[in-house]
Amino acid sequence: MEHDLPELDSHDWFLALDAGHQALLRAGSELRQFEAGAYVTRRGEPSQHWIGVHAGLIKLAVYNADGRGATFSGVPAGGWCGEGSVLKRELRRYDVVAVRASSLLLVPAELFHRLLAESLSFNAYVIRQLNERMGQFIATIQNQRLLDVDAQVAQAIAQLFHPMLYPRTSSVLALSQEEIGMLTGISRQRVNLALGRLAELGLISIAWQAIRVVDLDGLRHYGVASL
DNA sequence: ACATTAAATTCGA
DNA sequence: TCGAATTTAATGT
C-alpha cells in the first residue's frame, strides 16, 4: 500500500522491530479518525484489528439494552488494546468507544499474528502488555473492595498514567467528570466531590472538561497507606 | 435534584 | 459572515 504512517514511530515496540516488519506494518496498518461517542468495534463483531490510540481517548465497555453500561478501562494516547480477542480469534466481548474525537491505528489481525510468529521482540512486548494489564485489573478490584471512594477516583486517574501501557499520557487529561464516573462506577456528583478534595490536597487541578495532574506520585499513594 | 455556566447551534442582519 | 440568542451539555452544591 501507499501508506507511510509516521505515527507508528512513536511506539517503542515498533522501533524495536526489524526493518522488514516495520515496512509490513506501515503498508498494512491504517490510521482512522473517530468522532466522540463513535463505536470503534462492537461487542460480538469479529476481532479484525489490534487497536492503538494515536491521539484521543477510547474506552472498553459493555452496554445493556436500556443504555446503562459499565466501563472496564480507558485507553489514552499511546495505549493499545484488543489484543486479547485478536489472539484468541474470537468475537469481541465488549464495545470499544471513542470517548472524544480520536485518531486510531488499526493493525489487521493477520499482521498481528504474523508478527507474533516471527518477531521475538514483539512477543516480549505483547507478553509484557498482557501481564501489565492483568496487574491493572487486579489493582482495580482491590481498589474497589478496599479503598474509599475518593481514593478510587485517585487511582482511576493515576492508572491512566501507567508508563508501560500508556507511555505518552499528557499531564492534562481531557476527560469529563461523567466519564470518570463511568470508569469508576461512581456517580458523577460523587466524582465531583472527590475531585474537589484531590484538588485541595494539591494532587490535581480542575479545569473545564479537563484535569491536570500535578502530583502523580501523590495520586498513586493517596488512600493506599493502610494496605 | 436543582442552579449555574460553558459550549454548540441557530437565526437574523 | 459575524454575533446575538437559544438550546444543549457539563459542572457545582
Side-chain angles (χ1 to χ4, degrees), chain A residues 7 31-43 51-79 81 94-104 136-137 139-140 143-162 165-166 168-226:
Chain A
E7 293 82 3
L31 185 70
R32 202 185 295 172
Q33 311 298 323
F34 290 86
E35 298 301 310
Y39 282 93
V40 181
T41 70
R42 303 294 296 259
R43 185 180 181 193
I51 300 161
V53 182
H54 176 248
L57 179 72
I58 62 177
K59 65 178 178 184
L60 318 181
V62 290
Y63 294 94
N64 65 14
D66 57 328
R68 281 185 45 80
T71 301
F72 299 133
S73 181
V75 181
C81 69
Y94 42 76
D95 297 314
V96 178
V97 184
V99 173
R100 55 195 165 85
S102 301
S103 92
L104 306 182
Q136 195 176 45
F137 276 119
T140 299
N143 291 342
Q144 287 190 355
R145 300 276 167 87
L146 298 178
L147 298 183
D148 68 49
V149 175
D150 292 344
Q152 283 183 45
V153 172
Q155 294 299 312
I157 295 168
Q159 277 195 358
L160 293 177
F161 289 86
H162 190 292
L165 291 176
Y166 315 131
R168 358 194 294 264
T169 304
S170 75
S171 72
V172 178
L173 286 174
L175 183 61
S176 76
Q177 299 184 2
E178 188 162 20
E179 283 298 336
I180 295 172
M182 301 288 293
L183 276 173
T184 52
I186 295 167
S187 74
R188 183 193 63 73
Q189 287 96 329
R190 190 63 186 77
V191 168
N192 179 257
L193 195 59
L195 289 176
R197 288 181 188 163
L198 296 174
E200 281 207 358
L201 291 168
L203 301 176
I204 60 174
S205 63
I206 301 171
W208 219 83
Q209 288 224 320
I211 295 158
R212 156 181 254 106
V213 174
V214 175
D215 179 358
L216 179 55
D217 224 40
L219 257 194
R220 287 221 170 87
H221 293 114
Y222 178 84
V224 301
S226 57

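Chain identifiers are assigned alphabetically (A, B, ...) following the order of the sequence lines, protein sequences preceding nucleic acid strands; residue numbering begins at 1 within each chain. Values below: every heavy atom of this structure, side chains too, minus hydrogens, waters and symmetry copies.
A search for side chain to side chain contact (heavy atoms under 4.5 Å, CB included) contacts involving A/Thr169 returns A/Pro76, A/Phe161, A/Tyr166, A/Leu173, not counting sequence neighbours. Under the rule for a side chain to side chain donor-acceptor pair (under 3.5 Å), the partners of A/Arg32 that lie at least two apart in sequence or sit in another chain are A/Glu30. In this structure, the side chain to side chain contact (heavy atoms under 4.5 Å, CB included) partners of A/Ala61, at least two apart in sequence or on a different chain, are A/Tyr63, A/Thr71. In this view, A/Arg168 and A/Ser10, A/His11, A/His54, A/Ala77 satisfy the side chain to side chain contact (heavy atoms under 4.5 Å, CB included) rule, not counting sequence neighbours. The side chain to side chain donor-acceptor pair (under 3.5 Å) search around A/Gln155 returns none, not counting sequence neighbours. The side chain to side chain contact (heavy atoms under 4.5 Å, CB included) search around A/Ala101 returns none, not counting sequence neighbours. In this view, A/Thr41 satisfies the side chain to side chain donor-acceptor pair (under 3.5 Å) rule with no residue, not counting sequence neighbours.
Where DNA chain B meets chain A (any atom under 4.0 Å from a heavy atom), the bounding nucleotides read 5' to 3' are B/dA1 to B/dA7.
The list of side chain to side chain donor-acceptor pair (under 3.5 Å) pairs with a residue in residues 207-216 of chain A, not counting sequence neighbours, is empty. Within the structure, side chain to side chain donor-acceptor pair (under 3.5 Å) contacts touching residues 183-198 of chain A (residues at least two apart or in different chains) are A/Asp150-A/Arg190, A/Asp150-A/Arg197, A/Gln177-A/Asn192.
Direction of the helix axis in the helix from B/dA1-C/dT13 to B/dA13-C/dT1 shifts by 0° between the two five-pair termini, rounded to 10°.
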What does the list of N/O pairs under 3.5 Å between the protein and nucleotides 11-13 of chain C look like, with a distance for each?
residue : atom : partner  : partner atom : Å
C/dT11  : OP1  : A/Gln209 : N            : 3.2
C/dT11  : OP2  : A/Gln177 : N            : 3.0
C/dG12  : OP2  : A/Gln177 : OE1          : 3.4
C/dG12  : OP2  : A/Gln177 : NE2          : 2.7
C/dG12  : OP2  : A/Asn192 : ND2          : 2.3
C/dG12  : O6   : A/Arg188 : NH2          : 2.8

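Taking a cutoff of 4.0 Å between a charged side-chain nitrogen and a carboxylate oxygen, A/Lys59 and A/Glu179 qualify as a salt bridge.
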